[in-house]
Amino acid sequence: MGTEPGPDGSGPPLLIACALGIERLALRGGLTGRGAGRGAARVLRTGMGPANAERAVLAACSAEPLRTAAVIASGFCAGLVPGMHPGDLVVADRTSAGGVVTPCTDAALLREAVARAVPGRTVHGGVLAGADHVVRGPERALLEATGAIAVDMESAATLGSALRAGPRPVAAVRVVVDAPEHELVRIGTVRGGISAFRVLRAVLPAFHEWHRSSLLPRR
């Protein structure tokens, strides 16, 4: 899906949506020193849960200057596949929640860009499930049985709402903070022992690479 460049050649901006303050801090830190023109990235904190994400993203994407913005849902997630570790990345091929499946734009290209941005980190591709609560214990196995590799509360709602506001490139990139063998007790522990915060901040160049690609005409 391509978008027409603006009069200055920069094209529509990139909107990066996240739920938590710590995610916003990481993402905004990764943008330090980047330009603030029309093509610059903007970080939107939506608040937790699909309802908040839907409301915030729909409002943002229904008005200028984000009416045609590319949208990436980002932040942390829970891994569902045994063998996943905190600090792994998930670049979704599609999101799925409540029977609604949303394909992501140029997921393979974004996955390659993410791998280059954070060398040495494992990058997973597949279905990112949506939930309305923190998924623990047996629920993980049930979601994995549907074919999902990870779950979070906002990505599916973010992409669905963005597309309701108008056609645009959409994607979802999440950093695993807990997994079947590494279950998180509380989100505050993200600041300790694991590197998810630094991984999230380091991945920003990949978002810009994907965004630049989304502005090119599609044949």
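Evaluated for a side chain to side chain contact (heavy atoms under 4.5 Å, CB included) with Leu80, the options Val90, Leu143, Ile149 yield exactly one hit, Leu143. Checked options Val43, Ile16, Thr46; the residue passing with Arg24 is Val43 (criterion: side chain to side chain contact (heavy atoms under 4.5 Å, CB included)).
Glu64 has a carboxylate O that lies under 4.0 Å from a charged side-chain N of Arg67, or vice versa, which qualifies the two as a salt bridge. No salt bridge links Glu23 with Arg45; every basic N to acidic carboxylate O contact stays at or beyond 4.0 Å.
By the 4.5 Å heavy-atom criterion applied to side chains, Val57 and Leu44 are counted as neighbours. For the pair Leu163 and Arg168, the minimum side-chain heavy-atom distance is below 4.5 Å. Between Leu128 and Ser96, the closest side-chain pair of non-hydrogen atoms is not below 4.5 Å. Counting heavy atoms from C-beta on, the side chains of Leu89 and Val118 come closer than 4.5 Å. Two residues are said to be in side-chain contact when any heavy atoms from C-beta on lie closer than 4.5 Å; Arg111 and His124 fail this criterion. A 4.5 Å side-chain heavy-atom check between Thr105 and Ser214 finds every atom pair outside the cut-off. When side chains are defined from C-beta on, Pro13 counts as touching Leu66, because their heavy atoms get closer than 4.5 Å. Two residues are said to be in side-chain contact when any heavy atoms from C-beta on lie closer than 4.5 Å; Cys61 and Val71 meet this criterion.
A donor-acceptor pair under 3.5 Å links the side-chain atoms of Asp152 to the main chain of Ser155, judged by distance alone. Arg174 contributes a side-chain N or O that, together with a main-chain N or O of Phe76, makes up a donor-acceptor pair within less than 3.5 Å. With Asp88 contributing its side chain and Met84 its backbone, the two residues share no donor-acceptor pair below 3.5 Å. Under the 3.5 Å distance criterion, the side-chain polar atoms of Glu154 are matched with a main-chain donor or acceptor of Gly49. Panel note: side chain Thr102, backbone Arg94; no donor-acceptor pair is recorded below 3.5 Å. Although no hydrogens or angles enter the test, the distance criterion places a donor-acceptor pair under 3.5 Å between the side chain of His85 and the main chain of Gly83.
One distance of note links CG of Leu15 with OG of Ser74; it measures 11.5 Å at 0.5 Å rounding. From Leu14, atom CG reaches atom CH2 of Trp210 across 6.5 Å, with rounding to the nearest 0.5 Å.
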